[in-house]
Amino acid sequence: MMPSIDFAKAPFLVIWETTQACDLACSHCRASAQSLRHCDELTTAQGFALLAEAAAMGTPVFILSGGDPLKRPDLLDLVREGKRLGLRMGTIPAATPSLTATVVRQLKEAGLDQMALSLDYPRADLHDGFRGVPGAFNKTMAAVEWAHQCGLPLQINTTLWAGSAPFLSEMAELVERLGAVFWEVFFLVPMGRGEVLDGVAANQCEELFAILYAIQKKSHFVVKVTEAPHYRRYVAQHEAESSGKQYQGHPGTVPMPDMLRRSEGPGHTVGLAPHSVNAGKGFVFVSHTGEVYPSGFLPVSAGNVRSQSLAEIYRDSALFRTLRDPAALRGRCGRCEYRTFCGGSRSRAYALTGDFLATDPWCNYQPARSAA
């Protein structure tokens, strides 16, 4: 079991965008990634320092993301250093020719705890079209086998938008067949290339939540819903209903169900997050140039690790402190009795309204009562 973490002091999870370079051309890419690396990326030494800061804060999980982290020639060194510091390390390689059986084995030997692969559709033609490169689906299927061959726990990441939503149940069946230990379902935040994609209506979210809830009840893998924290509200409502409880109270009074704690951890062996994670609350994103954001999908910087410590930015910046205060939320989110463990997608609120404290536009829940 993961020890309790005070989210005012340390995030449960740090994601470092090691590079924005990537040879795919994904339709939803928040970074509009290009094939070449940026000249001002954090260096290996700066990456080592970032890993050390995260470990010193008490953060248990560190993800090396991208772009495509395989574009970094020091990726294996970063994994080794993170493990030396006692961090649980994960990475998310892109399905390109750089991803080989040898690379997967080397990642495992370096100490990588979990590898994530992106898979958005259960069919090659649809997935390849979404990712912008023919053969991406088959490369992903091959990488799944390579992970199993060397005993590397596997995570599948799926982007949910209007075009992929009808395939959600089929995707769950595929994830089960692939032997993944963790399925992260990401509800689109319209930014970068994803600005032109059709989103999911608020009432459709409820229908998708019903599917995910049923899957989570019976699956052998952990289900993590990202950028749709109102799924937590949906689960809380249905768990209360099944137990005969009804919660009517002031904002923030509903307790977080145990079922949700299982969905917060990044893998079966890592334990459970003690609280709900949201942008700036148990979560921090460091860009390829060192900018510190509450989330990669909430591009408002609170500082840069080149000039400030990660701990100082996370603990003391006005931006992060505000995001950790449920009372700062506005609109229906601010009045909601589920706000302490839901809080709505701050990233989507910002992308669609320009106000990261506004009501999440993809939630149609009406709070039981207003704040006193």
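When a residue number appears, it is its place in the shown sequence, counting from 1.
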For the backbone of Leu112 and the side chain of Thr91, can you confirm whether one donor and one acceptor N or O come within less than 3.5 Å of each other?
no

Validation row, ring centre Phe285 to ring centre Phe297 under 6.0 Å
no

Compute both the distance and the angle, then confirm whether Arg324 meets the cation-pi test with Tyr314: under 6.0 Å from the six-membered ring centre, within 45 degrees of the axis.
yes

Ring centres under 6.0 angstrom apart (Phe130, Phe137):
no

Find out whether the Lys NZ or Arg CZ of Arg105 is both under 6.0 angstrom from the six-membered ring centre of Trp146 and within 45° of the ring's axis.
no

For Thr226 and Glu184, does a side-chain donor sit closer than 3.5 Å to a side-chain acceptor?
yes

Residue pair Ala349 / Thr359: nearest heavy atoms and the distance that separates them:
CB-O, 4.1 Å

Is there a side-chain hydrogen bond (donor to acceptor under 3.5 Å, both in side chains) between Thr44 and Asp74? Walk through the geometry before answering.
CA-CA 7 Å; Thr44 301; Asp74 57 358; 2.5 Å; yes

With under 30° as parallel and over 60° as perpendicular, where do the rings of Tyr213 and His238 fit, or are they tilted in between?
tilted

Just say parallel, tilted or perpendicular for the rings of Phe187 and Phe209, cut-offs at 30° and 60°.
tilted

CZ of Arg232 to CG of Asn278, rounded to nearest 0.5 Å, is 5.5 Å

Report yes or no: do Ser345 and Trp362 form a side-chain donor-acceptor pair below 3.5 Å?
no

Residue pair Arg233, Glu206: steps toward the salt bridge (Lys or Arg N to Asp or Glu O under 4.0 Å) verdict:
CA-CA 10 Å; Arg233 181 264 305 160; Glu206 301 295 306; 2.8 Å; yes

With salt bridge (Lys or Arg N to Asp or Glu O under 4.0 Å) as the test, would you mind laying out the steps for Asp360 and Arg332 before giving the verdict?
CA-CA 8 Å; Asp360 183 342; Arg332 284 185 287 112; over 6 Å; no

